[in-house]
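See below for the structure under consideration.
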Amino acid sequence: MSTNWQGSERKSRAPISLTDQQPEDSTPGSAAVIHAVPVAPAPVEPQQQPVAAAVDHSEVPLVSGRRSATVLRKENVNDQLPPATGWQAFLRAASLGLISPKVGAAELARRADLSAIQRVYSRPMQIMVAQPLGGVGKTMCSIGLGSTFGIHSGQQTLVWDNNEMMGTAGVRTNANDSISTVWDLLNVLESFETVTARKGELSYYTRHQGNNQFSVLVADEDADRMKSIGAEEFNRIHTVVSRFYDTIIVDTGNNTRSANWLASIEVTDQLVIPTTLKRNSVVSALRMIEQLESMSERTGNPHYKDLVANAVVLVTQGGGAKVSAAEQAELRENLASAVRVLIDIPYDGALDTGSIIDWQLVADPARRAFERASAEIAAGLLATDQKHTTSTTTINR
């Protein structure tokens, strides 16, 4: 007998299944579903009431409020760790742990600063070290910040010598037999503007600082070559290094109107101003501050004025004749009225050799000052990042 039946005949002559079947689909040609277990009859649904409009939770957070976050913030591991310095650590060690005094205030403050340095942001962040006057410690401060962020943040840190002439970062850092400069990187930059570019290849054009745990992109020794790096070239290099480094510290030259200086200020998240407490140095810093404020007034862009209001001033100890305490207080007050915070960097012979700065040789007072400065910088970066994240979210909505 032929089995090539029509559909209706096949259904009428099909064997009876021992399991219940779902009602046949009225759609012609649709396959019936066979269930391995009896299916209970569908319950009679009560008459539906009008349903309120669904809430779009993609726009409104499901959970609001910060009570739980407040509780978690109080669980500070820094408070729970035993003392590692001071008389508290000595007493704990001498008693073999039988006596364990609380951690001292100074050590707690240091732990809090190191925790701040370890913050992670939503994007790569740029710190710009700027001051029109030479000899006030721009490169020294850049290396100090690079070492501090590199050692304590655990993230990729780059110090970039963006001097429009011949910078000195290459002299103050370890070359490790490298002769590559930013000019050499610029000549091959196209190969790093592709998706296949790798960090290991870029590292050839930078100089890693070993235990200081940061890298340096040094300025070229030819002043004519450095003059040819303008805004476009800076932006291209900045785009590339931002793909591979989390924190970029830009050491600048003395010309605040050069194209590469102005390009750098456009993408800066935190401004750092080194100065000595001498009249020429403070006046130079204030003139740069006035220039940035004027740029905001003329363009209507608050970015430059915000950088000034959030700036961190590092007061370095320059040589030469000492200034009276009264004049120093006056100069300090003039600076404090324009920026967010002033931090004193104590003199350290390892920072004043005119040669390579090895952070392992820097004494603890200077190290501690740079940790404090880096924590303040991190606070500024966090505020800037939160503002950027909020504005981006608003635009996307």
Side-chain angles (χ1 to χ4, degrees), residues 124 126-146 150 156-194 197-209 212 214-245 247-268 271-272 274 284 288 291 354-357:
Q126 176 170 304
I127 302 163
M128 181 170 170
V129 182
Q131 157 66 282
L133 185 66
V136 296
K138 287 192 294 290
T139 300
M140 180 270 289
C141 289
S142 298
I143 295 172
L145 294 174
Q156 295 292 325
T157 303
L158 176 72
V159 172
W160 175 2
D161 190 350
N162 188 43
N163 196 309
E164 69 278 358
M165 297 293 287
M166 293 183 296
T168 58
V171 179
R172 306 302 306 275
T173 55
N174 197 331
N176 287 323
D177 297 326
S178 172
I179 58 173
S180 297
T181 69
V182 67
W183 178 257
D184 299 306
L185 174 60
L186 185 62
N187 286 333
V188 297
L189 199 60
E190 288 185 2
S191 64
F192 293 101
E193 295 173 323
T194 64
R198 296 178 294 185
K199 171 68 162 37
E201 296 167 339
L202 180 64
S203 296
Y204 176 77
Y205 297 94
T206 63
R207 304 178 183 183
H208 192 261
Q209 297 304 297
N212 296 344
F214 72 98
S215 297
V216 185
L217 180 59
V218 303
D220 198 86
E221 296 177 357
D222 188 328
D224 290 333
R225 288 180 175 179
M226 289 306 300
K227 287 180 182 178
S228 65
I229 298 181
E232 180 182 353
E233 291 78 12
F234 175 91
N235 289 329
R236 289 179 61 202
I237 296 171
H238 180 268
T239 299
V240 168
V241 298
S242 295
R243 293 173 56 193
F244 301 103
Y245 290 93
T247 305
I248 302 169
I249 301 168
V250 179
D251 182 16
T252 59
N254 301 337
N255 186 358
T256 62
R257 287 172 173 77
S258 65
N260 60 337
W261 195 98
L262 292 172
S264 178
I265 202 70
E266 292 290 338
V267 292
T268 290
L271 179 62
V272 175
S284 176
M288 181 186 70
Q291 173 188 331
S355 184
I356 295 174
I357 296 176

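Quick caveat: nothing in here was measured; it's all calculated off a predicted structure.
- Here the side chain of Asp184 pairs a donor or acceptor atom with the backbone of Thr181 at under 3.5 angstrom.
- Panel note: side chain Lys138, backbone Leu133; a donor-acceptor pair is recorded below 3.5 Å.
- A donor-acceptor pair is defined here as one N or O able to donate and one able to accept, closer than 3.5 Å; no such pair exists between the side chain of Arg225 and the backbone of Ala219.
- Here Gln291 contributes atom CD and Leu262 contributes atom CG; the two are 6.5 Å apart, rounded to the nearest 0.5 Å.
- Taking all atoms of both residues into account, the shortest heavy-atom contact from Ser180 to Arg207 is O-NH2, 3.3 Å.
- More than 12 non-hydrogen atoms from other residues, nucleotides or ligands lie less than 6.0 angstrom from CD of Glu266.
- Using bins of under 30°, 30° to 60° and over 60° for the plane-to-plane angle, the ring pair Trp160/Phe234 lands in the parallel bin.
- Checking Ser242 against Gln126 by side-chain atom types alone, no donor-acceptor pair falls below 3.5 Å.
- The backbone N or O of Val136 lies less than 3.5 Å from no partner atom in the side chain of Gln131, so there is not a single donor-acceptor pair.
- Put simply, CE on Met226 and OG on Ser258 are 9.5 Å apart, with the number rounded to the nearest 0.5 Å.
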- Message: side chain to side chain contact (heavy atoms under 4.5 Å, CB included), that's the test. Do Asn163 and Asp251 meet it? Break it down for me.
- Response: CA-CA 7 Å; Asn163 196 309; Asp251 182 16; over 6 Å; no

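- Of all heavy-atom pairs between Asn254 and Glu164, the closest is N-OE2, 3.3 Å.
- To the nearest 0.5 Å, atom OG1 of residue Thr157 and atom CD1 of residue Ile248 are 10.0 Å apart.
- Of all non-hydrogen atoms in Met288 and Trp261, the two that sit nearest each other are SD-CZ2, 3.8 Å.
- Heavy-atom neighbours of Glu201 CD from other residues, nucleotides or ligands within 6.0 Å: above the threshold of 12.
- The backbone N or O of Ile356 lies less than 3.5 Å from no partner atom in the side chain of Arg172, so there is not a single donor-acceptor pair.
- A distance of 8.5 Å separates CD1 of Ile249 from CG of Leu158, quoted to the nearest 0.5 Å.
- Side-chain contact between Tyr245 and Leu217 is absent, with no heavy atoms from C-beta onward closer than 4.5 Å.
- Using a 4.5 Å heavy-atom cutoff, the side chains of Ile143 and Phe214 are in contact.
- In plain terms, the two heavy atoms of Val159 and Ser142 that are nearest each other are CG2-O, 3.7 Å.
- Glu233 contributes no side-chain N or O that, together with a main-chain N or O of Leu186, makes up a donor-acceptor pair within less than 3.5 Å.
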- side chain to side chain contact (heavy atoms under 4.5 Å, CB included) evaluation trace for Gln156 with Phe244: CA-CA 7 Å; Gln156 295 292 325; Phe244 301 103; over 6 Å; no

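- Between the side chain of Ser264 and the main chain of Asn260, no donor-acceptor pair closer than 3.5 Å is present.
- Of the possible polar contacts, none joining the Arg236 side chain to the Glu193 backbone as a donor-acceptor pair under 3.5 Å is found.
- Minimum heavy-atom separation, Thr256 to Pro132: CG2-CG, 3.6 Å.
- Closest approach of Pro274 to Cys141, counting heavy atoms only: CB-SG, 4.0 Å.
- Distance CG/Asp220 to CD1/Ile229: 7.5 Å, rounded to 0.5 Å.
- With hydrogens and angles disregarded, a donor-acceptor distance shorter than 3.5 Å links the side chain of Asn176 to the backbone of His208.
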- Task: I would like to know whether Asp161 and Val216 meet side chain to side chain contact (heavy atoms under 4.5 Å, CB included); could you show each step before the answer?
- Result: CA-CA 8 Å; Asp161 190 350; Val216 185; 5.6 Å; no

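- Rounded to the nearest 0.5 angstrom, Leu185 CG and Thr206 OG1 are separated by 9.0 Å.
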